[in-house]
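Below: the structure, in structure tokens.
Heads up: numbering here begins at 1 and tracks the sequence.
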Amino acid sequence: MDKGLESFKNLRFSCQNSSESSHRYLVTLGVGGNVGDARRRFERLYLFLKKDKRVHLLKTSLILKNPPFGFITQDDFFNSIILLKTTMQPKPFLSYLMRLEKKFARKRSFANAPRTLDLDIIFFDNRVVKTPKLQIPHAKWFERQSVLIPLKDIYR
């Protein structure tokens, strides 16, 4: 791991749940945040998702603390990956994620701004989607340690 990176594991992050689910679509979800207690917020997100019948949690990665990019004069980010199954198609799932971000007090002020919670669809089954509002796979996921290191933890 590069200098400036730190990883954390806890009860709910870097864990595996039952893989039995009738949900159709496999989603790799990127989770990030750097405002307030992001690690605690990840715990609350996990519990929220666990209760939601539209999703089934399969696995979570470690939590990675890493420096910001883009707008760099902000606190370090915490990032993780959640592997889940859902009943929703990609566009409704994106709307669902945006409502979740809002529920967790995300404010959209400018690109790469500090945020309480950032939820990104990294992969959605084997689909490729390119619209103005949604790109799957997520753009440049393969260049970001904040995605690659948690992904490696998921598939170890």
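- Under the 3.5 Å distance criterion, the side-chain polar atoms of Glu6 are left unmatched by any main-chain donor or acceptor of Leu64.
- With a 4.5 Å cut-off on side-chain heavy atoms, Leu26 and Phe124 do not count as touching.
- Separating the OH atom in Tyr25 from the OG1 atom in Thr86 is a distance of 9.0 Å, to the nearest 0.5 Å.
- Among all heavy-atom pairs drawn from Trp141 and Leu148, the shortest one is CZ3-CD2, 3.8 Å.
- Phe93 contributes atom CZ, which lies 10.5 Å from atom CG of Leu134 (distance to the nearest 0.5 angstrom).
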After noting the C-alpha distance and the side-chain angles of Arg99 and Leu97, does the key distance pass the side-chain contact (heavy atoms from CB on, under 4.5 Å) rule? CA-CA 5 Å; Arg99 286 190 308 275; Leu97 294 179; over 6 Å; no

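- Contact annotation: the side chain of Lys85 never approaches that of Val27 to less than 4.5 Å [non-hydrogen atoms, C-beta and beyond].
- Residues Val55 and Tyr96 are in side-chain contact: their nearest non-hydrogen atoms beyond the backbone lie under 4.5 Å apart.
- Of the possible donor and acceptor atoms, one in the side chain of Ser61 sits under 3.5 Å from a partner among the backbone N and O of Ile81.
- Judged by distance alone, the side chain of Thr28 and the main-chain N or O of Phe123 form no donor-acceptor pair under 3.5 Å.
- Two residues are said to be in side-chain contact when any heavy atoms from C-beta on lie closer than 4.5 Å; Val147 and Asn79 fail this criterion.
- Judged purely by atom type and a 3.5 angstrom limit, Ser80 has no side-chain atom pairing as donor or acceptor with the backbone of Val31.
- With ring centers used as reference points, Phe13 lies 6.0 Å or more from Phe8.
- Formation of a donor-acceptor pair under 3.5 Å by the Asn10 side chain with backbone atoms of Arg12 is found in this model.
- Leu119 contributes atom CG, which lies 7.5 Å from atom CD1 of Ile82 (distance to the nearest 0.5 angstrom).
- Between Val129 and Gln135, the closest side-chain pair of non-hydrogen atoms is not below 4.5 Å.
- With Lys59 contributing its side chain and Ile154 its backbone, the two residues share a donor-acceptor pair below 3.5 Å.
- Atom SG of Cys15 and atom CG of Leu62 lie 11.5 Å apart (nearest 0.5 Å).
- Between the side chain of Asp120 and the backbone N or O of Gly30 there is no donor-acceptor pair closer than 3.5 Å.
- Classification of Arg54 and Asp52 as a salt-bridged pair holds, one side-chain N sitting under 4.0 Å from a carboxylate O.
- Clustering ILVMFWY residues whenever any of their side-chain heavy atoms sit less than 4.5 angstrom apart, transitively, puts Leu100 in the very cluster that holds Tyr46.
- No more than 12 heavy atoms of other residues, nucleotides or ligands shown are found within 6.0 angstrom of CD on Glu20.
- Residues Met88 and Arg24 fail the side-chain proximity criterion, which asks for heavy atoms closer than 4.5 Å.
- For the salt bridge (Lys or Arg N to Asp or Glu O under 4.0 Å) test, residues two or more places apart in sequence or in another chain that qualify with Asp118 are Arg106, Arg115.
- Looking only at side-chain heavy atoms (C-beta outward), Ser7 and Ile63 stay at 4.5 Å or farther from each other.
- Ring planes of His23 and His56: tilted class, angle from 30 to 60°.
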Under the criterion side-chain hydrogen bond (donor to acceptor under 3.5 Å, both in side chains), I'd like the reasoning laid out for Asn66 against Gln145: C-alpha separation, chi angles, the key distance, then a yes or no. CA-CA 8 Å; Asn66 54 284; Gln145 290 186 318; over 6 Å; no

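- Hydrophobic clustering (ILVMFWY, side-chain heavy atoms < 4.5 Å, transitive): Leu117 and Met98 are in one cluster.
- For the pair Pro90 and Ile136, the tightest heavy-atom approach, listed with the atom from each and the gap, is CB-CD1, 4.0 Å.
- Around CD1 of Ile72, the count of heavy atoms belonging to other residues, nucleotides or ligands within 6.0 Å does not exceed 12.
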Evaluate the criterion side-chain contact (heavy atoms from CB on, under 4.5 Å) for residue pair Arg41 and Thr116; output intermediate values, then yes/no. CA-CA 8 Å; Arg41 194 169 296 107; Thr116 55; 3.9 Å; yes

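- Residues Val128 and Phe142 do not share a hydrophobic cluster, defined by chaining ILVMFWY side chains whose heavy atoms lie under 4.5 Å apart.
- Scored by the side-chain hydrogen bond (donor to acceptor under 3.5 Å, both in side chains) test, Ser14 finds Asp153, Arg156 as partners (sequence neighbours excluded).
- Interatomic distance, Leu57 CG to Leu49 CG, rounded to the nearest 0.5 Å: 5.5 Å.
- Between Thr131 and Lys91 the shortest side-chain heavy-atom distance falls below 4.5 Å.
- Atom-to-atom distance recorded for Asn17:CG and Leu83:CG is 10.5 Å, nearest 0.5 angstrom.
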